[in-house]
Amino acid sequence: MCGVIGISEGRQEILLRGGLKVIEHRGPDDMGVFADDFVTLGHQRLAIIDLSPLGHQPMQVLHNGKTISISFNGEVYNYKELKKDLIEKGCVFVGGSDTEVILRGFILEGKNFLEKLRGMWALAIYDAEKKEVILSRDHFGIKPLYYIVKDNKIYFASEIKALKKIVGIRFTPNSEAYYEFYNLGYFLGENTCYKEIKKILPGEVLVWNIKNCSFEKSFLSLIKESEKEINFDKAVEMVNETILESVEKHYIADVPVGLLLSGGADSSLIAALSKKIGKKPICYHVAIPGSIDTRYAIEIAKYLGFELVSKELSPGSLKDEYENMEDWLDQPSSDVSLLPTNLVYKSISKESKVVLSGEGGDELFGGYLRHQKLAGLNKVGGAGSILNPLYSSSTFGLNFVNPVVRRIQERLATSVIDMYLHNVKTIGLPIEDKKLKKKLLDFYNNHPYKNLIPNNLFFDQFAYLPDSLMYKNDITSMASSIEARVPLVDKEVLLAVGQIPNRFRLSPEYLNKRILKTILKKYLPEDLVERPKKGFGFSFDKFGAEFFIADYKKATRFHLENAKEFGLDTVLIQTLNNTSPAIICQKFPRFAFSLITNHRVMSKS
């Protein structure tokens, strides 16, 4: 895992070195800069595959007397197979890195070679002959890549704070997109908290023409195979085989690979399959007081014969993470589990460079509690706003009226979007409701991979996963110079699972990741598998909520003073003015945390 940075302007080595210093944590093993008269590329390297100097980046190869350069962040799990194929086609390799495979494959086949990659990546390729810069991101958005177009140049980087360093302007809050954030807890699609900065989308390829100062966009293809008419037992067998193969691929490395073991079904399955293929990783766990996860993690590690290293989330360690989060967070978020996630990575930073993590199973197989309500729905769009005028922004309304209105709306909901929003919004208020529903429907209609997954799983797979979960996973792991790999978020897994009947993934008859838990029972005792669903989170109440409430009050003042810049509508302004901070922090901690992180991040912009 590494840090990528660049600009379509030549001889900017000093400027890029400043940006690289900001993201040194992403790759402290090596640093490199390439520059010619048209482009400057930078790289911070975390050496995982081919630890020798031959893996140095930016990597260059001469082709037709011109340079092809690459700055690559990620891992390609099928690089050995691709390398063998390229050698058969006449390619000669110097080193053993997956980076060189991408570079030589690009020389031979152009951007079409990216279609063949299986893995996670964010990369920049500079083709000096064509005077093009190619930016690409993996199909799931596991690895981030941000860009800005300014003064006929394109700037790009793995983290927003690096862009801030090299662009040198004061960025503007993305006021027109903040309604997404207040509702969902993250910015959707290409949007970020800044108007000027965009994300390269999952699966997107952007080609910047240096001569014309313009770009074209396209998406990597993912072709869904037809569903097979098979029974549940055969579906279990297919899914077991494909996830087993994915886990094996994700162990490819020239350094030891550890495993995050929460005690939940997904990480437990990865642990069990690791043993199946003969691996014995050290397992890492964060013990949250009052959580049953730790007992399960201990028992599962013991059953599998794995060493478990546990770190307790104490009031002191939580407060340390909380007070220092703006050191590593560069976008606001509603996800309070950022704090324990960052803690676990920090605690293992001296012990492991690479870990496997269990994200992705809930999105792929309907494991969240909301999926029980979404199970019988297929129609995506719908109005469902007739009762919105009954919502109240008063303390009484938030406590008593709004929950009743929401329950009635849930009973009346006939579309995926309506039901989804009732269950994921950070606060029980209709903030720009019609606008948000139209945005989500447009997002669905225009998405290149919408046919790959059932409609009732779409928004978790292609919105929440890349824009919230994968952001959290990347920003926290990279802050401690750790590569986090996600075997359940894999191209071949997605395509293989797409061949089983949709009803086995999520339907009223098949709930709570039944197919994954059936697989897990092959490897673990049933009493370690069948357990209540619990997310990786915590309550500030148990850690002393005073500092949280105090910070929320500061964040409220900040947002009211800058209401226009941060897109506050009338409903939000009334809520922040009239509602008890203690009630907001207690009933809607995600909303409170979203305002706090926005204050902490944006007040320094």
CG-CG distance between Leu495 and Leu452, expressed to the nearest 0.5 angstrom: 6.5 Å
Rounded at 0.5 Å granularity, tell me how far CG in Leu114 sits from CG in Asp138. 11.5 Å
For the CG atom of Asp266 and the CZ atom of Phe365, what is their distance to the nearest 0.5 Å? 9.0 Å
Minimum heavy-atom separation for Leu86 and Arg104, please, with both atom names. CD1-C, 4.4 Å
Can a side-chain donor-acceptor contact be found between Ser262 and Ser267 if the only test is distance below 3.5 angstrom? yes
Pairs satisfying ring pair (Phe, Tyr, Trp, His ring centres under 6.0 Å), at least one member in residues 66-120, at least two apart: Tyr77-His250
Between Tyr523 and Lys276, is there a cation-pi geometry (under 6.0 Å to ring centre, at most 45° from the normal)? no
Closest contact, heavy atoms only, Gln12 versus Thr40: N-OG1, 3.0 Å
What one should report as the nearest heavy-atom pair of Leu46 and Met478 is CD2-CE, 4.0 Å
Exercise: identify the closest heavy-atom pair between Gly95 and Glu100: N-OE1, 2.8 Å
Under 3.5 Å, which donor-acceptor pairs link side chains of residues 187-194 to any protein atom two or more places apart or in another chain?
| unit_1 | atom_1 | unit_2 | atom_2 | d |
| --- | --- | --- | --- | --- |
| Glu190 | OE1 | Lys217 | NZ | 3.4 |
| Asn191 | ND2 | Glu180 | OE1 | 3.4 |
| Asn191 | ND2 | Glu180 | OE2 | 3.0 |
| Thr192 | OG1 | Tyr194 | N | 3.1 |
| Thr192 | OG1 | Tyr194 | O | 3.0 |
| Thr192 | OG1 | Ile197 | O | 2.8 |
| Tyr194 | OH | Lys164 | NZ | 2.7 |
| Tyr194 | OH | Ser605 | OG | 2.4 |

Determine the minimum heavy-atom distance between Leu261 and Cys283, stating which atoms define it. CB-CB, 4.0 Å
Do Ile7 and Val39 touch side chain to side chain, with heavy atoms closer than 4.5 Å? no
Students often mix this up, so state it plainly: with edges at 30° and 60°, are the rings of Tyr449 and His139 parallel, tilted or perpendicular? tilted
Atom CD1 of Ile223 with >12 non-hydrogen neighbours under 6.0 angstrom: no
One thing to verify: whether Lys131 and Asp37 come together as a salt bridge, which I'm taking to mean a side-chain N less than 4.0 angstrom from a carboxylate O. no
Would Ser221 and Glu115 count as a side-chain hydrogen bond (donor to acceptor under 3.5 Å, both in side chains) here? Give the steps. CA-CA 7 Å; Ser221 64; Glu115 301 272 2; 2.8 Å; yes
Counting only heavy atoms not in Glu225 (residues, nucleotides, ligands), do more than 12 fall under 6.0 Å from its CD? no
Taking the side chain as C-beta and beyond, is there a heavy-atom pair between Glu483 and Met120 under 4.5 Å? yes
Would you say the side chain of Ser218 lies within less than 4.5 Å of the side chain of Lys111, judging by non-hydrogen atoms? yes
Tyr444/His447 aromatic ring centres below 6.0 Å: no
What class does the angle between the rings of Tyr464 and Tyr186 fall in, given that below 30° is parallel, 30 to 60° is tilted and above 60° is perpendicular? tilted
Answer with yes or no whether the side chains of His371 and Asn456 bring together a donor and an acceptor at under 3.5 Å. no
Can you confirm whether Ile500 sits close enough to Val239 that some side-chain heavy atom of one is under 4.5 Å from a side-chain heavy atom of the other? yes
Rounded distance (nearest 0.5 Å) linking atom CZ of Arg45 with atom CG of Leu51: 6.5 Å
Between Glu81 and Lys84, does any side-chain N to carboxylate O distance fall below 4.0 Å? no
Can you list the steps and then say if Tyr155 with Tyr146 is a ring-ring contact (aromatic ring centres under 6.0 Å, His included)? CA-CA 8 Å; Tyr155 301 74; Tyr146 304 94; over 10 Å; no
Hey, mind stepping through Trp328 and Thr476 against side-chain hydrogen bond (donor to acceptor under 3.5 Å, both in side chains) and telling me if it holds? CA-CA 7 Å; Trp328 43 270; Thr476 54; over 6 Å; no
Less than 3.5 Å apart, any donor N or O on the side chain of Asp335 or Ser333 sitting next to an acceptor on the other? no
How close do Cys2 and Asn73 get, heavy atom to heavy atom, and via which atoms? N-OD1, 2.8 Å
Check this for me: does any side-chain nitrogen of one of Lys353 and Asp254 sit under 4.0 Å from a carboxylate oxygen of the other? no
What I want to find out is whether Glu245 reaches Arg118 closely enough, with some N-O distance under 4.0 Å, to be called a salt bridge. yes
Apply side-chain hydrogen bond (donor to acceptor under 3.5 Å, both in side chains) to the pair Glu363 and Tyr368, showing each step before the final yes or no. CA-CA 8 Å; Glu363 291 74 22; Tyr368 295 121; 2.4 Å; yes
Output field: ring centroids Phe443/Phe462 closer than 6.0 Å: no
